[in-house]
Amino acid sequence: MSDIGLPEWPQYDERERAGLVRALEQGQWWRMGGGEVDAFEREFAEHEGAAHTLAVTNGTHALELALQVLGIGEGDEVLVPAFTFISSSQAVQRLGAVAVPVDVDPGTYNLDAAAAAAAVGPRTRAIMPVHIAGQLADMDALAKLSADSGVPLVQDAAHAHGARWNGRRVGEFGTIAAYSFQNGKLMTAGEGGAVTFPDRDSYEEGFLRHSCGRPRDDRGYHHRTSGSNFRLNEFSAAVLRAQLSRLDEQIDTRERRAPVLARLLAGIPGVVPQDRDARADRVPHYMAMFRVPELAGERRDALVDALVARGVPAFVVFRAVYRTAAFWETGAPDATPEELAARCPNAEALTGDGIWLHHRTLLGTEEQLHRVAEIVADAVRAA
């Protein structure tokens, strides 16, 4: 195995240690008695340009809560990208609604606004753009679609901490957005998530539903709404406060390194890196993504195995959601997998030929990036 020496992930230092001790010694370890969750919510809201943040147990719960606050339920339809991690569609389906897969742009891999417009129907109650690899979807076109159709957007920002579109942060688009702090994400406490809200009313609705419908000052068990326990604990919040403190510096590094790696990969015959929309003026680069169209399927899988064997943190990309058994268990549209594949040719192709490298790759030196590209080139030639 080649030892490239890339940085490890997660990263931590005395800030995390101090936060954990601070949470420990305050004597209250859950959000209703401590101060770490409240402090993190204020700091994250300010960072993302949102009016309010609610910290929750994980990114999947963040999506479920966001949809529930929008009133999504039985019989409703929500447009989701066909190419995304399964939580995007499962959050819809867990609420009894129908997830409708929509094709993605072949270059950016984000939700195609024109395809979404064509998919809006009388039962459509929300449109969920997923900001793949931290590059915001076409928020100009999607905001117009939302305004014209009256269907709200809910942003899946699991990859997009600190991202901008024409100078606007995720929280500045006037929509609800959901984030993930799972172990591999841009900032992490092992697990965790957050929902940002554009107004006080939606935030208060979210707070009730994330705490079993119970108001924060309740002493008589007067549960006002349905809900669940999605409350984040104080230890996780303390870690996330430390993680947030170094996020912008890490994004700056990735923004310098990403064009270098993309240029190197583009010079390898048969490798096609993810496009970047010029309007995405700050991208945190959760993934470095590329395609190998001539090596789809098992040959792509073998290529990823070869990269991993040589020390490159490589993965096959997500399957199109309709290509998983989980998608068909409940809340699927009235169509076959092949019918959905015909409607989503770009997602279908990505499923077979896409590869991603973990963002710790882009925290390495330029010399290390040249070594990564050399390994990719060698593996492609040998495939």
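Position 1 is the first residue of the sequence, and the numbers go up from there.
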Aromatic ring pairing Phe44/His47, orientation class (parallel under 30°, perpendicular over 60°, tilted between): parallel
Nearest non-hydrogen partners of Ile4 and Gln368, listed with the distance: O-NE2, 3.3 Å
Full working for side-chain contact (heavy atoms from CB on, under 4.5 Å) between Arg42 and Thr53: CA-CA 7 Å; Arg42 290 191 299 269; Thr53 291; over 6 Å; no
Member of Asn110, Val130, Leu111 meeting the side-chain contact (heavy atoms from CB on, under 4.5 Å) criterion with Thr84: Val130
Lys/Arg N to Asp/Glu carboxylate O, Arg310 vs Asp378, below 4.0 Å: yes
Salt bridge (charged side-chain N to carboxylate O under 4.0 Å, His left out) evaluation trace for Arg123 with Asp76: CA-CA 5 Å; Arg123 295 167 56 197; Asp76 294 335; over 6 Å; no
Check: Phe40 ring centre within less than 6.0 Å of Phe181 ring centre: yes
Gln135 side chain near His285 side chain, heavy-atom distance below 4.5 Å: no
Residues Glu338, Arg323: salt bridge by 4.0 Å N-O rule: yes
Arg125/Glu77 salt bridge by N-O under 4.0 Å criterion: no
SB check Arg343 Asp103 (cutoff 4.0 Å): no
side-chain contact (heavy atoms from CB on, under 4.5 Å) partner of Ile127, the single match among Val120, Val102, Val78: Val120
Heavy atoms of other groups near Arg94 CZ, more than 12 under 6.0 Å: no
Presence of salt bridge, Glu255 and Arg282, under 4.0 angstrom: no
Donor + acceptor pair across side chains of Arg214, His222 (<3.5 Å): no
Verdict with supporting geometry, Ser211 and Arg216, side-chain contact (heavy atoms from CB on, under 4.5 Å): CA-CA 8 Å; Ser211 190; Arg216 35 170 90 67; over 6 Å; no
Lys/Arg N to Asp/Glu carboxylate O, Glu367 vs Arg371, below 4.0 Å: no
Single-linkage hydrophobic cluster, 4.5 Å side-chain cutoff, Val316 and Val312 together: yes
Heavy-atom closest contact (Val80 atom, Ala99 atom, distance): CG2-CB, 4.3 Å
Short side-chain donor-acceptor distance under 3.5 Å, Asp199 and His52: no
Heavy atoms from other residues, nucleotides or ligands near OH of Tyr12 exceed 12 (cutoff 6.0 Å): no
CA sep, side-chain torsions, deciding dist, call: Arg246, Glu249, salt bridge (charged side-chain N to carboxylate O under 4.0 Å, His left out): CA-CA 6 Å; Arg246 68 170 66 83; Glu249 180 182 352; over 6 Å; no
Intermediate values then yes/no, side-chain contact (heavy atoms from CB on, under 4.5 Å), Val317 and Thr351: CA-CA 6 Å; Val317 299; Thr351 294; 5.7 Å; no
Side-chain donor-acceptor contact under 3.5 Å, Arg15 with Ser245: yes
Criterion side-chain contact (heavy atoms from CB on, under 4.5 Å) on Trp29 and Asn233, from CA distance to verdict: CA-CA 6 Å; Trp29 299 345; Asn233 68 79; over 6 Å; no
same_hphob_cluster(Leu264, Leu295) at 4.5 Å side-chain heavy-atom cutoff: yes
Step-by-step salt bridge (charged side-chain N to carboxylate O under 4.0 Å, His left out) determination, Arg209 to Glu205: CA-CA 6 Å; Arg209 293 188 182 279; Glu205 177 79 4; 2.6 Å; yes
Side chains of Trp165 and Asp277, donor plus acceptor under 3.5 Å: no
Lys/Arg N to Asp/Glu carboxylate O, Glu234 vs Arg31, below 4.0 Å: no
Tyr322 and Glu339: CA distance, side-chain angles, deciding distance, side chain to side chain donor-acceptor pair (under 3.5 Å) verdict: CA-CA 10 Å; Tyr322 56 79; Glu339 288 171 336; over 6 Å; no
Any donor-acceptor N or O pair under 3.5 Å, side chains Gln155, Tyr179: no
Considering all heavy atoms, the nearest Pro215-Leu208 contact: N-CD2, 3.5 Å
Trace of the ring-ring contact (aromatic ring centres under 6.0 Å, His included) decision for Tyr286 with His159: CA-CA 6 Å; Tyr286 171 58; His159 301 175; 4.4 Å; yes
Charged N-O contact under 4.0 Å between Glu172 and Arg169: yes
Cationic N near anionic O, under 4.0 Å, Asp148 to Lys144: yes
Considering all heavy atoms, the nearest Ala116-Leu79 contact: O-CD1, 3.4 Å
Heavy-atom side-chain proximity of Glu191 to Ser236 below 4.5 angstrom: no
Single-linkage hydrophobic cluster Leu244~Val283, side-chain heavy atoms < 4.5 angstrom: no
Salt-bridge criterion met for Arg200 and Glu204 (N-O under 4.0 Å): yes
Any side-chain donor near an acceptor of the partner, Gln11 and Gln250, under 3.5 Å: yes
4.5 Å side-chain heavy-atom contact, Asn58 and Ser180: no
Cation-aromatic face contact Arg168/Phe173, 6.0 Å, 45 degrees: yes
Separation between CE of Met287 and CG of Leu362, rounded to the nearest 0.5 Å: 12.0 Å
Heavy-atom check, side chain of Asp156 versus side chain of His131, under 4.5 Å: no
Passing option when Asp353 is tested against Glu294, Arg299, Arg291 for side-chain contact (heavy atoms from CB on, under 4.5 Å): Arg291
Heavy-atom pair of closest approach, residues Val56 and Ala194: CG2-N, 3.8 Å
Over all atoms of both residues, closest heavy-atom pair of Leu153 and Pro129: CD2-CD, 4.4 Å
Candidates Glu36, Glu16, Glu41 - the one meeting salt bridge (Lys or Arg N to Asp or Glu O under 4.0 Å) with Arg241: Glu36
Heavy atoms from other residues, nucleotides or ligands near CD of Gln26 exceed 12 (cutoff 6.0 Å): yes
Parallel, tilted or perpendicular, as decided by the 30° and 60° cut-offs, for the rings of Phe83 and Phe318: tilted
Note, Val260 side chain near Leu369 side chain (heavy atom, < 4.5 Å): yes
